[in-house]
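Some notes on the structure that comes next.
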Amino acid sequence: MANQHKTVLVSGGTGYIGSHTAVELINAGYDVVIIDNLVNSEIYSLDGIEKITGKRPAFEKVDTCDMGALRRVFEKYAFDSVIHFAAHKAVGESMDEPLKYYSNNLVSFMNTVELMKEFGRPNVLFSSSATVYGNADTQPVTEQTPRKPAESPYGNTKQIAEDILRDCTRAYRGLHGIALRYFNPIGAHPSALIGELPRGVPNNLVPYITQTAAGIRKELSIFGDDYDTPDGTCLRDFIDIVDLAKAHVATIDRMTQGKMEQDYEIFNVGTGRPVSVLELVKGFERVNNLKLPYRITGRRQGDIPAVWADTTRANEVLGWKAERSLDDTLRAAWAWQQHLGK
Ligand code: WQD
């Protein structure tokens, strides 16, 4: 019989961050129940999770926007904690189809919080994003850095969901929430058994790099080298996906061990180190011993010149720190792409 305290519901658990988090939760001794509607992920992620951990998580194909189906999950499984990943995540698409983003990302989250409250399940971990900081006035950003008005409906859903969680934890006794603000998650599990599965042409830098290296894309466009940064390309805080997954375990530990100091808390999850786009490209070439065809093109609309995390709070309060080197992360990213090609 599963232990309710040690069971975590992971919505969006077959996706990129969800599947890596499921692995680390299982490795840490938690029982994992995954729900996913599989619109942007594959069921065979479960095979990867099982191969890595030796345990297959329980799985239900459920759309978290479907309150009835979600309620049945709450009736069937006893868990104290939920990690809510289930969301659409393409910034550009959210500009063209805002309603798709507002309705999916917010309804699914509100349904989840509502049922947590109704069933008296205490812990909600929300998957937020550094995108909430927008183009901040100072770098690195701390959790206190004021959020800027969101530049996309996607970013706005992250801000609104954070506010929903804050308000609900304030209003409903016994409900606790933590928002993790991810910087730029990259890489794959070192086993190359799970990783990111972008559909169509990738928008994000690292999948575009690995697909270019694999010959699927002709060349990488580097969007602008005239920013006010050391080499003119944008600066980002690239966080290894396994390190990021471990931050979720530290967060769930904190919640289940009753260590929270407030009913709603926020943590930045990054490395604390800015890396330029060009540095990343060159690092990828070096560690994987290959040449990447690339060209400098114009700036991409909406990109901010630089954002990186102050991770002091996560380091000190959560007791979590990014550990994997960028070289290892870039090797894992390529190993995963090669695995996909087989
Ligand atoms: C990184 C850098 C590009 C592609 C976005 C979302 C954020 C989060 C992660 C997730 C930028 C440059 C990129 C390419 C390039 N969302 N680039 N050529 O924009 O920092 O963050 O993804 O679900 O909320 O906003 O990430 O990987 O798209 O870009 O030169 O082909 O790489 O200009 O400077 P971004 P990214």
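Ligands are counted one by one from 1 in listed order, and the atoms in each one are counted from 1 as well.
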Practice prompt. Output the list of atoms in ligand 1 that are nearer than 4.0 Å to some heavy atom of N203, sorted by atom number.
Written response: 4 (C), 28 (O)
Worksheet entry | ligand 1 contact on V206 by region, counting heavy-atom pairs under 4.0 Å | neither
Worksheet item: Which heavy atom of the protein is the closest neighbour of atom 16 (N) of ligand 1, given with residue, atom name and distance?
Response: Y154 OH, 3.6 Å
Discussion item. Does K282 have more than 12 heavy atoms from other residues, nucleotides or ligands lying within 6.0 Å of its NZ?
Written reply: no
Discussion item. Within the 4.0 Å heavy-atom shell around V91, which atoms of ligand 1 are there?
Written reply: 6 (C), 25 (O)
Fill in: N289, CG atom: more than 12 neighbouring heavy atoms under 6.0 Å
no
Fill in: Backbone or side-chain N or O of Y208 under 3.5 Å from ligand 1 N or O
no
Fill in: Pick from V275, N204, I296: the one approaching atom 5 (C) of ligand 1 most closely through a non-hydrogen atom
N204
Worksheet item: What residue and heavy atom of the protein are closest to atom 33 (O) of ligand 1, and at what distance?
Response: D303 OD2, 2.5 Å
Discussion item. For R199, I'd like to know if atom CZ has over 12 heavy atoms of other residues, nucleotides or ligands within 6.0 Å.
Written reply: yes
Worksheet item: Any ion pair linking D80 and K6 (charged N to carboxylate O, less than 4.0 Å)?
Response: no
Worksheet item: Against heavy atoms of C234, which atoms of ligand 1 measure under 4.0 Å?
Response: 34 (O)
Worksheet, complete the sentence: Output for pair (Q257 CD, H5 NE2), nearest 0.5 Å, gives 7.5 Å
Worksheet item: S128 and side-chain hydrogen bond (donor to acceptor under 3.5 Å, both in side chains): which partner among Q159, H84, E162, R181?
Response: E162
Practice prompt. With heavy atoms only and a cut-off of under 4.0 Å, state how S221 meets ligand 1: side chain, backbone, both or neither.
Written response: backbone
Response to the item:
Out of F223, Y182, F238, the nearest non-hydrogen contact to atom 17 (N) of ligand 1 is supplied by F223
Fill in: Atoms of ligand 1 close to S129 [distance to a heavy atom under 4.0 angstrom, numbered from 1]
24 (O)
Worksheet item: Can you name the closest pair of heavy atoms from L330 and N288 and give their distance?
Response: O-ND2, 3.2 Å
Worksheet item: Are there more than 12 heavy atoms of other residues, nucleotides or ligands under 6.0 Å from atom CZ of F74?
Response: yes
Worksheet entry | Any side-chain donor near an acceptor of the partner, Y30 and E24, under 3.5 Å | no
Item to complete: Could you name the option among Q301, E151, R236 that has the heavy atom nearest to atom 20 (O) of ligand 1?
Response: R236
Worksheet entry | ligand 1 versus R299: contacting region, heavy-atom distance under 4.0 Å | neither
Response to the item:
Under 4.0 Å from one or more heavy atoms of I222, ligand 1 contributes atoms 30 (O)
Worksheet item: Does a sphere of radius 6.0 Å around CD in Q301 hold more than 12 heavy atoms from other residues, nucleotides or ligands, not counting ones at 6.0 Å or beyond?
Response: no
Practice prompt. Do me a favour and list the nearest non-hydrogen protein atom to atom 21 (O) of ligand 1 with residue, atom name and distance?
Written response: N184 ND2, 3.8 Å
Worksheet item: Which atoms of ligand 1 have any heavy atom of V277 under 4.0 Å away?
Response: 2 (C), 12 (C), 30 (O), 32 (O), 34 (O)
Discussion item. Looking at K321, I'd like to know if its NZ atom is crowded, meaning that more than 12 non-hydrogen atoms belonging to other residues, nucleotides or ligands lie closer than 6.0 Å.
Written reply: no
Worksheet entry | Polar atom proximity, L205 to ligand 1 (N or O, under 3.5 Å) | yes
Worksheet item: Among all protein non-hydrogen atoms, which one is nearest to atom 28 (O) of ligand 1, and what is the separation to 0.1 Å?
Response: R300 NH2, 2.9 Å
